[in-house]
There are 2 protein chains.
Amino acid sequence: MDIAEVAKASGLPASTLRFYEEKGLIHSSGRNGLRRSFNASVVERLALISLGRSAGFSLDEIAEMFTFDGPDINRAMLSAKADKLDRTIEELTAMRDGLRHAAVCKAPSHFECPKFLRLLRVAGKNRFRQPNKLKEIKPKRSV
Amino acid sequence: MDIAEVAKASGLPASTLRFYEEKGLIHSSGRNGLRRSFNASVVERLALISLGRSAGFSLDEIAEMFTFDGPDINRAMLSAKADKLDRTIEELTAMRDGLRHAAVCKAPSHFECPKFLRLLRVAGKNRFRQPNKLKEIKPKRSV
DNA sequence: ACTTGACTTTAAGTCGACTTGAGCTTTTAT
DNA sequence: ATAAAAGCTCAAGTCGACTTAAAGTCAAGT
């Protein structure tokens, strides 16, 4: 596959694919003249990468998950990541419940609603920071 | 409360509090000479902000949630955010299951494991991008 | 032969969310 | 009275994840 096909199949721009290759997250199978050629399995790998990104892992963390050198080390890490995700899911669930409640709550301010404040406290246990805005993927850009 | 107390209570550095104030996410109740003074409710508001951040909302989105001007508009938006979160939670759950499975899977490569690949596909439906790395909060910095 | 369009590289730019530094003022402790 | 600690403002810097621009290469169609 050439880069445009992979881009289309994965929904990622070619620039991102080059960037990922440079970071070692994917590999091209060789060159066709100048041009990279990829084999089809890269599309699944990209799906996994996108998934990992959407789960809040950084590219570096995802790269770690791909190093299948020490099988035990790796299994342990995968479990650890899963646990981390579990905590995140709990928080998001609390947040979601808080939002749903806020949407119907009669209290003049959410800060005056005991139910909401309780959710706040529950959810705030394992807090962490997250830098940027979530953007929708634009699978195709025409310009 | 002065800024240091709020910082301690919220786990956020003073610089962040000033930054949030500048963005209109929080307000100081006045000045004590030069110094800002906050009333205690700001701590809850900050908890809510942190929670929102950890749920993947940008500061701008969180600011939107705080504008309780049009009650209907706002309720609709809160519901919309909750729905968005629901989709995220679904994805994260799939990702977590994928990771847990990968941690025990016998297949030589995860890409050769049908169970894993199925999870991939399920999880990849509503994909979105998320820019940065999650960092732990360091509540105290000594330098 | 030549233009077009897809691809290439490298460097620089962008974006959100903060952080850091410089230089000043004010409060507090000795 | 004075020095350290804590605040302040404003500008600039940082970080991760890409994106964009500039300038060049190359195969294919007219």
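Only this structure's heavy atoms are used, side chains among them; waters, hydrogens and symmetry mates stay out. Below, read A as the first sequence line, B as the second, and so on, with proteins coming before strands; counting in each chain starts at 1.
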Next item on the list: Scan for salt bridge (Lys or Arg N to Asp or Glu O under 4.0 Å) pairs involving residues 11-20 of chain A, sequence neighbours excluded, and state none if there are none.
Entry: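 Every pair satisfying salt bridge (Lys or Arg N to Asp or Glu O under 4.0 Å) with a residue in residues 11-20 of chain A: there are none.
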Notebook entry, point to check: Who pairs with D2(B) by salt bridge (Lys or Arg N to Asp or Glu O under 4.0 Å), at least two apart in sequence or on another chain?
Noted result: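 Testing D2(B) for salt bridge (Lys or Arg N to Asp or Glu O under 4.0 Å), a comparison that skips the adjacent residues, returns none.
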Margin query: Contact between E64(A) and F57(A) at the side-chain level, heavy atoms closer than 4.5 Å - yes or no?
Written below: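 No, side chains not in contact.
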Checklist line | Heavy-atom donor-acceptor pair, S29(B) side chain to S37(B) backbone, under 3.5 Å | finding: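 Judged by distance alone, yes, a pair lies under 3.5 Å.
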Note to self: Measure CD/E5(B) against P/dA5(D) and give the value in whole Å, please.
What the structure shows: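 Answer to the nearest Å: 19 Å.
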Check: For the pair made of CD in E22(B) and P in dT19(C), what is the distance, rounded to whole Å?
Finding: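 My rounded result for the distance is 13 Å.
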Checklist line | Residue pair M95(B) / L85(A), side-chain heavy-atom distance below 4.5 Å | finding: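 In contact.
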Check: Going by heavy atoms closer than 4.0 Å, what residues in residues 25-34 of chain A are next to DNA chain C?
Finding: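 Only R31(A), L34(A) qualify.
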Next item on the list: Mind calculating the distance between CG (L46(A)) and P (dC18(D)) to the nearest angstrom?
Entry: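 Atom CG in L46(A) sits about 11 Å away from atom P in dC18(D).
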Notebook entry, point to check: Would one find a side-chain N or O of T16(B) under 4.0 angstrom from OP1 or OP2 of dA17(C)?
Noted result: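 So the side-chain polar atoms of T16(B) never come under 4.0 Å of the phosphate oxygens OP1 or OP2 of dA17(C).
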Check: Atom CZ of F19(B) to atom C1' of dT14(D): distance rounded to whole Å?
Finding: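 Answer to the nearest Å: 13 Å.
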Next item on the list: Would you mind reading off the distance between R36(B) atom CZ and dA6(D) atom C1', rounded to a whole angstrom?
Entry: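 R36(B) atom CZ is separated from dA6(D) atom C1' by 13 Å.
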Check: Under 4.0 Å: is that the gap between some side-chain N or O of S58(A) and OP1 or OP2 of dG16(D)?
Finding: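 Negative; the distance criterion is not met.
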Notebook entry, point to check: Looking at residues at least two apart in the chain, or sitting in another chain, which of them share a salt bridge (Lys or Arg N to Asp or Glu O under 4.0 Å) with R96(B)?
Noted result: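 Partners of R96(B) by the salt bridge (Lys or Arg N to Asp or Glu O under 4.0 Å) criterion, ordered by chain and then number, come out as D86(A).
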Item checked: Whole angstrom value for the distance that separates P of dG16(C) from OH of Y20(B) ->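 For the pair Y20(B) OH and dG16(C) P, the rounded distance is 15 Å.
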Notebook entry, point to check: Taking only residues two or more places apart in sequence, or in another chain, which ones meet E21(A) in a salt bridge (Lys or Arg N to Asp or Glu O under 4.0 Å)?
Noted result: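 Salt bridge (Lys or Arg N to Asp or Glu O under 4.0 Å) check on E21(A) returns R36(A).
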Note to self: Regarding S58(B) and D60(B), do their side chains bring together a donor and an acceptor under 3.5 Å, going by distance alone?
What the structure shows: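 No, because no side-chain N or O of S58(B) sits under 3.5 Å from a partner of the opposite role on D60(B).
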What are the atom names and distances for every N/O pair under 3.5 Å that joins the protein to nucleotides 2-6 of chain C?
residue	atom	partner	partner atom	Å
dA6(C)	N3	R35(A)	NH2	2.7

Next item on the list: Take the protein atom CD1 of I49(B) and the nucleotide atom C1' of dA17(C), then report the distance between them rounded to whole Å.
Entry: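 One finds 13 Å between C1' of dA17(C) and CD1 of I49(B), rounded.
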Next item on the list: May I have the distance from L12(B) (atom CG) to dT19(C) (atom C1'), rounded to whole angstrom?
Entry: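 Nearest whole value for this atom pair: 13 Å.
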Note to self: Is the phosphate of dT8(C) approached by R18(A) (side-chain N or O, under 4.0 Å from OP1 or OP2)?
What the structure shows: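 Yes, because at least one side-chain N or O of R18(A) sits under 4.0 Å from OP1 or OP2 of dT8(C).
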Check: Got S10(B) and L17(B) here, is their nearest side-chain heavy-atom distance under 4.5 Å?
Finding: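 Yes, their side chains come closer than 4.5 Å.
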